[in-house]
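Below, chain A is the first sequence line, B the second, and so on; all start at residue 1. Owing to the predicted nature of the structure, the values given are computational and were not obtained by experimental measurement.
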Amino acid sequence: DQQVKQNSPSLSVQEGRISILNCDYTNSMFDYFLWYKKYPAEGPTFLISISSIKDKNEDGRFTVFLNKSAKHLSLHIVPSQPGDSAVYFCAARENTGGFKTIFGAGTRLFVKA
Amino acid sequence: DTGVSQDPRHKITKRGQNVTFRCDPISEHNRLYWYRQTLGQGPEFLTYFQNEAQLEKSRLLSDRFSAERPKGSFSTLEIQRTEQGDSAMYLCASSHQGVMTEAFFGQGTRLTVV
């Protein structure tokens with residue numbers, strides 16, 4: 001069963017515009033959420049995270065929003081740059097005992113110059 | 001410290017052979033994780049160590065898979081009697097101990113079973 005779902009396999013955005021990547025989860029015990037970025041032939045790189053006690057976290061061009069009641073989070077990239085083209089993984093963790101992180105299938109972002 | 005290091009980067013093996021991968025985590029990290037990633041999917045959790053203790057194993061980790069972290073530093077992942085379905089990218093990650101911590105990933109070992 002997929003506990004973390006990224007329903008859009010790909011997204012194409014014009015340079016300078018906003019990119020919005022979405023993620024849904026089913027496990028109400030998740031209380032820490034992360035976004036990773038992955039370039040080809042590299043491992044995933046941590047981008048930004050949010051605790052369940054917050055509804056927004058911002059780091060430069062990247063903002064993550066969390067809607068706990070809807071079990072939904074999103075990553076906003078503003079302004080988008082060609083170098084942002086990569087696969088973005090949403091991930092979630094239950095911080096009760098185990099610390100395994102569950103990943104979504106990823107969304108491939110294309111930022112066109 | 002340049003990050004999480006995995007060796008080898010690529011491995012091609014014949015079905016039925018055994019393979020072993022190595023992961024060197026970031027030196028001050030006491031948590032180490034193994035994940036597997038197949039095409040079009042996100043990383044799937046396999047197992048997790050805190051220091052030398054293996055604390056959790058996924059049901060994906062069949063009895064042909066074994067992982068060790070003997071001195072709480074580097075870790076090895078061995079696959080015995082490889083099958084074509086084992087072909088995947090095997091990722092290692094490490095993190096500090098703590099509740100709100102992110103894991104840092106290595107570049108992975110790509111296994112191809114022919």
Side-chain angles (χ1 to χ4, degrees), chain A residues 1-10 21 23-25 27 29-54 57 59 62 64 66 75 86-108, chain B residues 2-10 21 23-26 29-51 53-61 67 88-110:
Chain A
D1 62 335
Q2 272 192 299
Q3 298 186 65
V4 178
K5 300 177 187 178
Q6 293 178 258
N7 292 319
S8 297
S10 65
L21 295 95
C23 177
D24 297 293
Y25 62 95
N27 186 344
M29 297 298 291
F30 287 148
D31 58 2
Y32 189 56
F33 304 88
L34 310 95
W35 284 93
Y36 281 82
K37 179 168 73 172
K38 185 180 184 303
Y39 293 117
E42 295 184 10
T45 303
F46 170 74
L47 194 56
I48 192 169
S49 63
I50 188 167
S51 161
S52 61
I53 62 173
K54 295 186 175 181
N57 188 28
D59 183 2
F62 302 91
V64 55
L66 175 62
L75 175 68
V87 177
Y88 289 79
F89 292 104
C90 171
R93 182 189 305 164
E94 259 183 75
N95 283 320
T96 53
F99 291 92
K100 67 183 180 184
T101 304
I102 308 299
F103 286 79
T107 296
R108 184 177 295 277
Chain B
T2 56
V4 179
S5 176
Q6 291 188 245
D7 183 69
R9 293 289 308 279
H10 304 273
F21 310 141
C23 171
D24 288 273
I26 294 172
H29 287 176
N30 62 353
R31 289 191 188 144
L32 186 146
Y33 312 81
W34 285 99
Y35 285 82
R36 180 174 69 186
Q37 186 178 15
T38 52
L39 197 62
Q41 299 299 315
E44 295 175 291
F45 171 80
L46 294 178
T47 190
Y48 143 67
F49 291 85
Q50 181 145 313
N51 300 313
Q54 188 173 18
L55 296 185
E56 190 167 352
K57 293 197 292 187
S58 163
R59 57 183 169 78
L60 293 174
L61 213 65
M89 175 74 82
Y90 289 85
L91 293 162
C92 175
S94 68
S95 72
H96 285 293
Q97 184 164 341
V99 175
M100 304 297 180
T101 59
E102 68 274 14
F104 293 82
F105 281 83
Q107 292 182 297
T109 294
R110 179 165 295 286

- Under the salt bridge (charged side-chain N to carboxylate O under 4.0 Å, His left out) test, residues paired with A/Asp24 that sit two or more places apart: none
- Main-chain N/O of B/Gln41 paired with B/Gln37 side-chain donor or acceptor, under 3.5 Å: yes
- Message: Could you check whether any side-chain N or O of B/Asn51 sits under 3.5 Å from a backbone N or O of B/Ala53, counting only pairs where one atom can act as donor and the other as acceptor?
- Response: no
Relative to chain A, which segment of [X] carries a heavy atom at a distance below 4.5 Å: side chain, backbone, both, or neither?
X: B/Ala103; answer: both
X: B/Leu91; answer: side chain
X: B/Arg110; answer: neither
X: B/Gln6; answer: neither

- Task: In sequence, state the C-alpha distance, the side-chain angles, and the governing distance for B/Phe21 and B/Tyr90, and then conclude on ring pair (Phe, Tyr, Trp, His ring centres under 6.0 Å).
- Result: CA-CA 9 Å; B/Phe21 310 141; B/Tyr90 289 85; 5.5 Å; yes
- Task: Find the distance between CD (B/Glu56) and CG (B/Leu61) and round it off to the nearest 0.5 Å.
- Result: 11.0 Å
- Query: Which one of A/Ile102, A/Thr101, A/Val87, A/Thr45 has the most heavy-atom pairs closer than 4.5 Å to chain B?
  - Reply: A/Thr101
